[in-house]
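Every chain is numbered from 1, with letters handed out A, B, ... down the list of sequences.
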Protein chains: 4
Amino acid sequence: MAKLRAAVVGATGYAGAELVRILVGHPDVDLTLITSRKQAGQDYETIYPALKKFVRLACADSDTAVVAENADVAFLALPHKASMAMAPGLLGAGLRVVDLSADFRFKNQAAYEAHYQPHSCAHLLQAAVYGLCERFANQIARADLIGNPGCYPTSVLLPLLPLVEAGLVDLTTLVADCKSGVSGAGREATSTTHFCHVNESFKPYKVGGHRHTPEIDENLSIAAGESVKITFVPHLIPMTRGMQSTIYTKLSAGADEPQVRQCLESAYGDAPFIRLLAGGRAPDTLNVRGTNFCDIGWAVDPGSGRLILMSAIDNLVKGAAGQAVQNMNLMFGFAETAGLDAVPYPL
Amino acid sequence: MAKLRAAVVGATGYAGAELVRILVGHPDVDLTLITSRKQAGQDYETIYPALKKFVRLACADSDTAVVAENADVAFLALPHKASMAMAPGLLGAGLRVVDLSADFRFKNQAAYEAHYQPHSCAHLLQAAVYGLCERFANQIARADLIGNPGCYPTSVLLPLLPLVEAGLVDLTTLVADCKSGVSGAGREATSTTHFCHVNESFKPYKVGGHRHTPEIDENLSIAAGESVKITFVPHLIPMTRGMQSTIYTKLSAGADEPQVRQCLESAYGDAPFIRLLAGGRAPDTLNVRGTNFCDIGWAVDPGSGRLILMSAIDNLVKGAAGQAVQNMNLMFGFAETAGLDAVPYPL
Amino acid sequence: MAKLRAAVVGATGYAGAELVRILVGHPDVDLTLITSRKQAGQDYETIYPALKKFVRLACADSDTAVVAENADVAFLALPHKASMAMAPGLLGAGLRVVDLSADFRFKNQAAYEAHYQPHSCAHLLQAAVYGLCERFANQIARADLIGNPGCYPTSVLLPLLPLVEAGLVDLTTLVADCKSGVSGAGREATSTTHFCHVNESFKPYKVGGHRHTPEIDENLSIAAGESVKITFVPHLIPMTRGMQSTIYTKLSAGADEPQVRQCLESAYGDAPFIRLLAGGRAPDTLNVRGTNFCDIGWAVDPGSGRLILMSAIDNLVKGAAGQAVQNMNLMFGFAETAGLDAVPYPL
Amino acid sequence: MAKLRAAVVGATGYAGAELVRILVGHPDVDLTLITSRKQAGQDYETIYPALKKFVRLACADSDTAVVAENADVAFLALPHKASMAMAPGLLGAGLRVVDLSADFRFKNQAAYEAHYQPHSCAHLLQAAVYGLCERFANQIARADLIGNPGCYPTSVLLPLLPLVEAGLVDLTTLVADCKSGVSGAGREATSTTHFCHVNESFKPYKVGGHRHTPEIDENLSIAAGESVKITFVPHLIPMTRGMQSTIYTKLSAGADEPQVRQCLESAYGDAPFIRLLAGGRAPDTLNVRGTNFCDIGWAVDPGSGRLILMSAIDNLVKGAAGQAVQNMNLMFGFAETAGLDAVPYPL
């Protein structure tokens, strides 16, 4: 049977490179096209020498017509704004699109525009599906356009959403203290990503102003049926891959730890990419490195009675490219784990 | 003038080694004695080759009489329990003592015993002074026995105590998300400190059960005049030195950011080892590495209205040995910065 | 068709864990047994939580009879000496054995005994095959007992052997400056593997006395048909995985760079796990992380005329478990890349 | 007594920042001026926040007349070419100059021009002194212009020069395998210094083409009285500071280890910044981090009989700014260790 033809638009950034890695090994997919505006014409293995012998493609320019001609599904690993310039044309040509930018993550156009820029195809926002696979699999299966979730929102929403929907937590007390490896800052060389500024350094950044806050808030609010405002602070860890979130909240009156456990087990007992760590065990980014897993732990603080939720993901996989491929798997009826089932490294 | 004779008891652990480093360079001190039970007889420079040419002492055994004979002040860098076995003898012999264990940090004997073990000289708890220098300088100056604060409590209490005393924060909403470099786990080789388990790993640990929680709670409660229970979760960062804390709290009714700023400036404007970072700037462990500084930042989250306090210290210096020497400086009337004023490394 | 039954004896060390990872994902193998003397009875996923959902086995004790009953092939990831106590029994029971210790790497019993200990089954040394796959594939295919090469020897011999066999290098001038990540020191927690001693540290070790020297010498000497003594110095890199070797030698009279290139291309043009980097490009451990590749580069120094050979491998994969599985593939007629063909991570 | 007025020209790069750090704490110096072409007008503490409370200067533009007016000694931490444009004017105005670029390191103008560019003030090359302090202290004391040695040459020449001068090594067999932390690549953000490309990576670079080769060769040749060509390969270590060199050579006929030891002890027994590690002990970059030390070890390989020399320095201190200040100390008759005697960190 002919395989699905896939294109990665914006293949030279880190999320793009992870998409290439996963799709090249995907049993149901033929990676037909990779594009880059800046590095068009360049052999991919000269950009990512690790992939020598695996990827023999050169980068094409990022042209809508060329993508439309060569692919059935397009992954857009582009900056915000570039995605919404390209998505309508691809959809019009009959492709299905998984967009890794923020352009199609919001239902609320005003929230998007307050934190990003004017939206050029807002009519697509309602049809687009927020691609948090474990929560919205049914809508994803029918969608033509996926807004692939941000890495921080993925790490916060997966543990929190089931509890919010079940009414187990006090929505006025939500705090998410999140930490990311440096690959989250992207491939561009800046003073922020310079080894000597990051190594042996740990710090919060964009305090009170990170653009993933409204994305988290919108999804919490939809789940709660009321407006929710979380306090979210991102931090930078001196390592390449990995994201860990610790979330604090008061339990609702009458709620307790067994209910929390039951709620998470009921939500994720069958989810292939969620691993629940009972008994207060803490998720470790090392255990999810390179995988599409979200490991989730929880505990009730004996002193304060507050619930502590903890998650760990690989920001480039479950936080970006892996979840994008998982979305594709759901959209096209492939096994949910296809291309994402490599055995993790023990260390 | 004769210099003050100082002994470091338990000189081979990391806090002990930092004490040796600082005291060897201290202008008012003569480091006369370093001890180690396990490595007695060994030349110090074979244990810490970085100190070759600076420390020519060998480790003596940890014997109270020998310490009493050779020193005017003793730093106890011993495990909990070993300290309280030794302190009374030294005090009886007329020495003044700075203890880096938890044995003399608590006023509340029951709290200590609930988290550590039965206390063998509880009568000393009231006379001992909690050595958080920027808050208790007057008592420290007159003390014979200092309970040197834990690293996490230092990083949480310095930003938080002035605001608690001023009534600016809602005491029922306190959350401290804290992160430490690996040196905090001590010099013993364990699976926890194995390079391959720590490198490229980030994780919470001892969730809901770290023994610094009651230490923080006791000091917050004293400042507040009522019982306070903070939610505190420590995390391990893949780096050697450094501790960063992000603290979340609701402001009291009517309180706002300018009041927070004024309160901190009033508390710490003249403190030589506090650097206030205005304008929402975030403290970075890299900037305090190897120093006795506590860098403090703050911001009010625009969405939730919550106050976000941030601090960064070097866990081995301000969080241990540096603060211990600062305590000694206050006790003996030296310049507060004596021995602690090396210019920091820019990177 | 029934799959080959494989056992990993000594499954809790790092090489053992990599074997488990690879064999669990191997299409032709059924991992039936994993053993550990110290952690017998323990669920493997509690030891390596990354493997949760992939390995549902508990560790059995390391018993020859149990291994013989449950497996067709046994991988011995044991310390030196423990392997030679177990191998004869397994061979006698009809299993084929890949031994990752040094016990069966030497033809020269005296050389082994000079650097290790008396050999208890020296009669097996001649029948055992040195499992350097790219050089000895034919003998490996027929072997019942493989001495899987050491990590340093693999990284030195792969680039060097073809040139030695072709007579292109001056055998009296060989220097190998080699560097390894910390996982090479094994899983045991020691002062050598403590994060704070390794991080931000780079150093030579075992200078003039590493036991991989005689292993390299024996294989160079066999290839040269005369006694060869290389100068080999290992160094420790502050990272988890990876090994890089830079080898210096004078070219033989009349030899030049094109001959070197041709020789390497002729030796490795078809080898699936060798990637030759022409044009003086330097191998980077990052590009082989987690893979079974050996990347090889070379250049002639314009000033001194010396040949510089460079290689990079993952010490745990091509330097241990990956090569062991490649040996099994050759022994049992599987595709040489079976189980070892995951797409590498771009970063 | 009035202190010596010092200026750092090019104060925002890493070597410049280290100069600022050291000079601010130097007892005999008044740091009057720091300059930067790109960041003129900017407060230094906003560029290097670690130095808050220590450096209250803003960057001036890099103007010869302003420097000449405000300083007695100028440190030029500029790129090659920029230094030689500025040095003559400063010398003409009566200042003494320590130049950290390569512009005044060579006696052989042709060698300089072959690897850098045409020299605009070649008449100064003979008067300039190569500032390798432990070898050329007398000339340095009388010099007005110092060519401060490169980091790699410092790490190679300090262990090697005494042996070359004593005729103990075979000059045709010299190989230097050198490794540097990332700060050696400078402050500019490039793909080479991006955290994700460096972390968990180890690799050779500029193989056969690094510009420190002719600098090493010139100094070896002068010492030997004949033309010497070393084989030198630099490698990049995933850490911030530190440089380790392992040097291989055959001993001259009749030479042995005791002669090597005696030669090094005789050369460096009184040198305050050299620490000789007898007994085959290996230097570790961790032990010299932040210091002006060069730790030196040596061993004779029992198999090959080759001599193995090993050194460790901090590339930014002994390899750049520290040695520059040591040069100033020698030039102005200060204690050689003034400003450079902080007690090293034990870890």
Worksheet entry | Value rounded to 0.5 Å, distance of OG1 in D/T246 from CG in C/D177 | 5.0 Å
Worksheet, complete the sentence: Under 4.5 Å to a heavy atom of chain D? For C/Y248 that would be side chain
Discussion item. Quick check on C/K107: does its NZ atom have over 12 non-hydrogen neighbours (other residues, nucleotides or ligands) under 6.0 Å away?
Written reply: yes
Item to complete: Could you tell me the separation between the CE atom of C/M239 and the OG atom of D/S201, rounded to the nearest 0.5 Å?
Response: 7.0 Å
Worksheet item: What option among D/A282, D/P204, D/G303 has the most heavy-atom pairs under 4.5 Å with chain C?
Response: D/P204
Response to the item:
Applying a strict 4.5 Å limit to non-hydrogen atoms, the region of D/H197 in contact with chain C is backbone
Discussion item. Does any part of the side chain of D/I237, heavy atoms only, come nearer than 4.5 Å to the side chain of C/H235, both counted from C-beta?
Written reply: no
Discussion item. With a 4.0 Å cut-off on N to O distance, would you call D/D295 and C/K203 a salt bridge?
Written reply: no
Discussion item. Counting only non-hydrogen atoms closer than 4.5 Å, does C/R241 touch chain D with its backbone (N, CA, C, O), its side chain (CB onward), both, or neither?
Written reply: backbone
Worksheet item: Do D/H194 and C/L347 touch side chain to side chain, with heavy atoms closer than 4.5 Å?
Response: no
Worksheet item: Which region of D/T213, side chain (C-beta onward) or backbone (N, CA, C, O), has a non-hydrogen atom less than 4.5 Å from a non-hydrogen atom of chain C, or is it both or neither?
Response: neither
Worksheet item: Distance from C/R306 atom CZ to D/K229 atom NZ, nearest 0.5 Å?
Response: 12.5 Å
Practice prompt. Please flag which part of C/K206 lies under 4.5 Å from any non-hydrogen atom of chain D: side chain, backbone, both or neither.
Written response: neither
Fill in: chain C contact via D/N287 - side chain, backbone, both or neither, heavy atoms under 4.5 Å
neither
